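What follows is one structure encoded as structure tokens, with my remarks underneath.
Quick note: residue numbers are just sequence positions, from 1. Ligands are counted one by one from 1 in listed order, and the atoms in each one are counted from 1 as well. Quick caveat: nothing in here was measured; it's all calculated off a predicted structure.
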Amino acid sequence: MSLETVVILAAGEGTRMKSQTPKVLHSIAGRSLLGHVLAAVQPLKASQVRVVVGSGREKVEAHLAEIAPSVTTVFQEHRGGTGHATQLALEGLAATGTILILAGDTPMLTDTSLAQLLKGHHEGGYTASVLTAEHPEPTGYGRIIRGDDGSLLRIVEERDADEIEKAIEEINSGVYAFDCQKLVGAIGKLRNDNSQGELYLTDVIEILRNEGGKIAAVCIDDFTETLGVNDRVQLAEAAALLRDRINDRLMRSGVTIVDPTTTWVDATSVISQDVTLLPGTAISGESTIGAGAVIGPRTTLIDCTVANGAEVKESYATSAVIGENASVGPFTYLRPGTNLAANTKAGAFVEMKNAVLGEGSKVPHLSYVGDATIGEGSNIGAATIFVNYDGVEKHHTIIGNHVRIGSDSMLVAPVTIGDGAYTAAGSVITDNVPAGAMGVGRARQRNVIGWVLRKRPGTKSAEAAASAPSNDQEG
Ligand code: UD1
Ligand code: MG
């Protein structure tokens, strides 16, 4: 049996988030809540995915166009309940095969559990299968009412439940597989005679059962998978649980994580074997970390590519490429377009942007490198500034191979320093320096002999100067 359709219900208002952003667009571990649900659904290879949108429709649709362009949306103008949302989603649908229905606010669900639900559903020839879990704090969820033989009779919502039903710990996850044709036949029979005056999708279970349908309740071991996010406290709880899940997976795949509680890796980032992540490290977006790299402590990498054996300490980098065995930090700020080749160094208090550092080149201390191409084996002395901005436009600096830039140089772009050239410390370089030349761009030093004794008599400096050997005074 094939999975024809997936419907994700995401039209709710998310009032408890108290946010201008629609609930399903809040993100944890590098994906929106809706993005996590889509990621869990994606491996199931459904023929089509429909998302019911309502509140914040434009924003949700724009987000979907970006992350899942093949998904179609269905508009629910007024909240009429999960049953109403499903009715709308079923309109104009070819009622064949299996349909999977789930909510857009359950980011912890895994494709494994969804596949397990579908497998049981197909193998048992069920009309409907509901994913359930034993929840230690079931308050707020729909409860699973089973008959004496253990079969699923119906689902009762918290607000409509009596005391005995409320004591049941098995909850409805809000994930269902249906025989689509049977669902289409039953969905019109829902009534809103409940405490919320809404059409509950959950009521369709009892309707199908009364019509002789075969109903399954599949209880999964890990209840955390079913957690729904309704407010920011639950958002943070889900984020922490996802962090732990990701860290567990990484550690089991051979990554050392010294302090898993302070290490945050997005679901979208890839960490290779034998990487060490030190405390306070966050790796996010489309980042990739190569084997044997050491990251942290207290390092943030966003959309970065770090090659094997590199080391990044106490640093912050966005859209940077860090080459094999490169060394970054401590306290280094790498902005988009930074590309460090193998065996390079970007050291303490260095900021780089849109800059290529060739193999073996070093920027060890206190420099700003913006809009530059630096060759191989070159050294940029401490406190060098690439003066890339004239107040209107940005300009590029080119530095050749095996160049030595003296400390405290200003390289005023556009400017080119040829292969093997040097610049004198403290230079302001405004003209190109040819290969092999020494560029000197500073005033010659002049000493005013005896100035302190004449101008600062009676000071400790004057005293020290007076007692220095006379040849030191003359210089
Ligand atoms: C629902 C279930 C409950 C289950 C719980 C699991 C019903 C009646 N109840 O309750 O049994 O334990 O999920 O998390 O189904 N939505 C729409 N349109 C609507 C109403 C809701 O699209 O008119 C969407 C929401 O955006 C949300 C999902 O459906 O993504 C579930 O709605 P929500 O209001 O969160 O239902 P719960 O009270 O959590
Ligand atoms: Mg909910």
Legend entry - By salt bridge (charged side-chain N to carboxylate O under 4.0 Å, His left out) - contacts of Glu237 (at least two apart): none

Inset, instruction - Would you please name every residue forming a salt bridge (charged side-chain N to carboxylate O under 4.0 Å, His left out) with Arg191, sequence neighbours left out? - result: Asp193

Inset, instruction - Among residues two or more places apart or on two chains, list those pairs meeting salt bridge (charged side-chain N to carboxylate O under 4.0 Å, His left out) that have a residue in residues 19-41. - result: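 Applying salt bridge (charged side-chain N to carboxylate O under 4.0 Å, His left out) to every pair that reaches into residues 19-41, excluding sequence neighbours, yields Lys23-Asp105.
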
Legend entry - Ring centers of Phe349, His365 separated by less than 6.0 Å: no

Legend entry - Beyond-backbone contact of Leu235 with Met17, side-chain heavy atoms, under 4.5 angstrom: yes

Inset, instruction - Please list, by chain and number, the protein residues whose heavy atoms come under 4.0 Å of ligand 1. - result: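 Within 4.0 Å of ligand 1, protein side: Leu9, Ala10, Ala11, Gly12, Gln76, Arg79, Gly80, Gly81, Thr82, Ala85, Ala103, Gly104, Asp105, Tyr141, Gly142, Glu157, Asn172, Ser173, Tyr200, Thr202.
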
Inset, instruction - Give, for atom CZ of Phe178 and atom CG of Leu201, the distance between the pair rounded to the nearest 0.5 Å. - result: 5.0 Å

